[in-house]
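The structure appears right after this line, and notes come after that.
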Amino acid sequence: MDNNAVVTLSHAKKAFGGNEVLKDLSLTVNRGDVLAIIGPSGGGKSTLLRCLTLLETLDSGELSYGDLAVTTAGPDGRAVYGGKAVLAEAKTRFGLVFQNFNLFPHYTVLKNVADAPICVQKRPREEAEAQARELLAKMGLAGKEDMVPCELSGGQQQRVAIARALALNPDVLYFDEPTSALDPELTQDVLRVIRDLAAEHMTMVIVTHEMAFARDVADQLIFMDDGRVVESGRAVDVIGNPTHERTRAFLSRYEQG
């Protein structure tokens with residue numbers, strides 16, 4: 001196995017009833033890489049992210065985080081998940097930022113960020129809160145620590161969500177269309193934060209509709225449609241010069257970007 005690989009997914013399949021949503025999909029994310037995933041709605045992008053973050057279970061396929069095998073192939077080809085300890089360890093290796101923030105509404109901003117390191121990782125409160133303040137300052141939110149989410153703009157809430165995901169010191173950060181619930185001005189604030197993280201070589205997987213952003217920030221890009229990887233490669237190449245007709249048709253709608 002590639003020691004540089006943070007996430008490895010091989011031959012993933014997932015169906016809901018008779019609807020096959022992921023069809024033999026494989027990908028690898030290396031340390032420091034930014035992978036953008038683009039494609040039409042219903043193409044399987046969010047299901048892929050939900051399987052990678054253990055919110056859904058794969059029907060078959062192998063998933064590893066670094067040297068940690070989360071699933072292996074059973075004798076019948078079905079995905080066999082590791083036990084509780086394996087899953088608990090896997091969950092420490094990634095952070096997830098949802099499109100709708102998913103902050104705890106009754107917690108302060110500081111508690112939203114510091115809570116998991118204290119409760120899940122059993123880190124000392126002082127240390128976790130100091131790190132939370134540092135992350136919030138990095139997100140441009142110094143002075144907002146004692147507010148509750150409803151007192152913040154959507155863009156500020158999304159930056160709190162990013163700080164919360166970073167607080168667990170994950171190996172990889174997943175974003176599920178992080179700007180789709182935001183207006184254009186707030187979108188730019190959030191994208192700026194993600195650009196800064198990319199500049200610091202944070203490993204990230206970003207499902208996005210922001211094509212110019214994907215082209216400028218991602219190293220690698222996957223175009224997904226109908227549960228498959230239709231085209232993949234360097235982001236600048238796939239967006240600037242797609243080879244597959246389906247990719248060209250999809251991107252032609254974003255030419256103005």
(message) A side-chain contact here means heavy atoms from C-beta on lying under 4.5 Å apart; do T208 and L191 qualify?
(response) no
(message) Angle between ring planes, F223 versus F250, binned at 30° and 60°: parallel, tilted or perpendicular?
(response) tilted
(message) Between T203 and F94, does the side chain to side chain contact (heavy atoms under 4.5 Å, CB included) criterion hold? Intermediate values first, please.
(response) CA-CA 10 Å; T203 310; F94 61 79; over 6 Å; no
(request) Give the minimum heavy-atom separation between A214 and A36, together with the two atoms involved. (result) CB-CB, 3.9 Å
(request) Hey, could you give me the CE/CG distance between M147 and L110, rounded to the nearest 0.5 Å? (result) 13.5 Å
(message) How long is the straight-line distance from CG of L96 back to CG of L49, given to the nearest 0.5 Å?
(response) 6.0 Å
(message) Can you confirm whether L9 sits close enough to L48 that some side-chain heavy atom of one is under 4.5 Å from a side-chain heavy atom of the other?
(response) yes
(message) So R246 and D226, do their side chains get closer than 4.5 Å, heavy atoms only?
(response) no
(request) May I ask you to test the Q156-V109 pair for a side-chain heavy-atom distance under 4.5 Å? (result) no
(request) Find out if a path of hydrophobic residues (ILVMFWY) with successive side-chain heavy-atom gaps under 4.5 Å connects V70 to L55. (result) yes
(request) For the pair E89 (side chain) and L87 (backbone), establish whether a donor and an acceptor sit closer than 3.5 Å, ignoring hydrogens and angles. (result) no
(message) Are more than 12 heavy atoms, taken from residues, nucleotides or ligands other than E200, located less than 6.0 Å from that residue's CD atom?
(response) yes
(message) Grouping I, L, V, M, F, W and Y whenever their side-chain heavy atoms are under 4.5 Å apart, do V113 and V148 come out in a common cluster?
(response) no
(message) Looking at E231 and T243, would you say the former's side chain and the latter's main chain have a donor-acceptor pair under 3.5 Å?
(response) yes
(message) I'd like to know if K138 and E134 make a salt bridge, using a cut-off of under 4.0 Å between side-chain N and carboxylate O.
(response) no
(message) When you group the ILVMFWY residues by side-chain heavy-atom contacts below 4.5 Å and let the links chain together, are L141 and L168 in the same group?
(response) no
(request) May I ask you to decide if P40's main-chain N or O and K45's side chain share a donor-acceptor pair within less than 3.5 Å? (result) yes
(request) Return yes if some donor-acceptor pair links the side-chain N/O of T71 with the main-chain N/O of G61 below 3.5 Å, else return no. (result) yes
(message) Closer than 3.5 angstrom, by distance alone: can the side chain of R248 be matched with the main-chain N or O of P242 as a donor-acceptor pair?
(response) yes
(request) Look at the side-chain heavy atoms of Ile, Leu, Val, Met, Phe, Trp and Tyr, link any pair under 4.5 Å apart, and say whether L251 and L221 land in one connected group. (result) yes
(request) Could you tell me the separation between the CG atom of D237 and the CD atom of Q220, rounded to the nearest 0.5 Å? (result) 9.0 Å
(message) Please check: side-chain N/O of S60 versus main-chain N/O of R78, any donor-acceptor pairing under 3.5 Å?
(response) no
(message) Using only atom types and a distance under 3.5 Å, with no angle test, would you say the side chain of Y81 pairs donor to acceptor with the backbone of L58?
(response) yes
(request) Start with the C-alpha distance between V7 and Y174, add both sets of side-chain angles, then the distance that settles side chain to side chain contact (heavy atoms under 4.5 Å, CB included), and finish with yes or no. (result) CA-CA 11 Å; V7 189; Y174 293 108; 3.5 Å; yes
(message) Using side chain to side chain contact (heavy atoms under 4.5 Å, CB included), reason through N169 and Q131 one step at a time and then give a plain yes or no.
(response) CA-CA 10 Å; N169 300 320; Q131 183 200 22; 3.1 Å; yes
(request) Measure from the side-chain N and O atoms of R164 to the backbone N and O of N112, and report whether any donor-acceptor pair falls under 3.5 Å. (result) no
(request) Say whether Q121 and T92, considering side chains only, have a donor N or O and an acceptor N or O under 3.5 Å apart. (result) no
(request) Flag the pair V236 / R215 as yes when at least one side-chain heavy-atom distance between them is below 4.5 Å, and no otherwise. (result) yes
(message) Side chains of F175 and V207, heavy atoms from C-beta outward: is any pair under 4.5 Å?
(response) no
(message) With a 6.0 Å cut-off (strictly less than), is the heavy-atom count around CZ of R195, excluding the residue itself, greater than 12?
(response) yes
(message) With rounding to the nearest 0.5 angstrom, report the NZ to SG distance, K14 to C51.
(response) 6.0 Å
(request) Mind running side chain to side chain contact (heavy atoms under 4.5 Å, CB included) on T28 and D33 for me, showing each step along the way? (result) CA-CA 10 Å; T28 302; D33 266 6; over 6 Å; no
(request) Can you measure from CG (L35) to CG (D219) and round to the nearest 0.5 angstrom? (result) 9.0 Å
(request) Using a 4.5 Å cut-off on heavy atoms from C-beta on, say whether the side chain of V21 contacts that of F16. (result) yes
(request) Indicate yes or no for a side-chain donor-acceptor contact from E127 to the backbone of P124 under 3.5 Å, with no hydrogens or angles considered. (result) no
(message) Check for me, please, whether Y65 and V80 land in the same ILVMFWY cluster - side-chain distances under 4.5 Å, paths through other members count.
(response) no
(message) Strictly distance-based, threshold 3.5 Å: is any side-chain N or O of Q158 a donor or acceptor partner for the main-chain N or O of F98?
(response) yes
(request) Report yes if some heavy atom in the side chain of L63 is under 4.5 Å from a heavy atom in the side chain of L54; otherwise report no. (result) yes
(message) If I take atom CD1 from residue I38 and atom CD1 from residue I206, how far apart are they, to the nearest 0.5 angstrom?
(response) 12.5 Å
(request) May I ask you to decide if the ring planes of F104 and Y107 are parallel, tilted or perpendicular, using 30° and 60° as cut-offs? (result) tilted
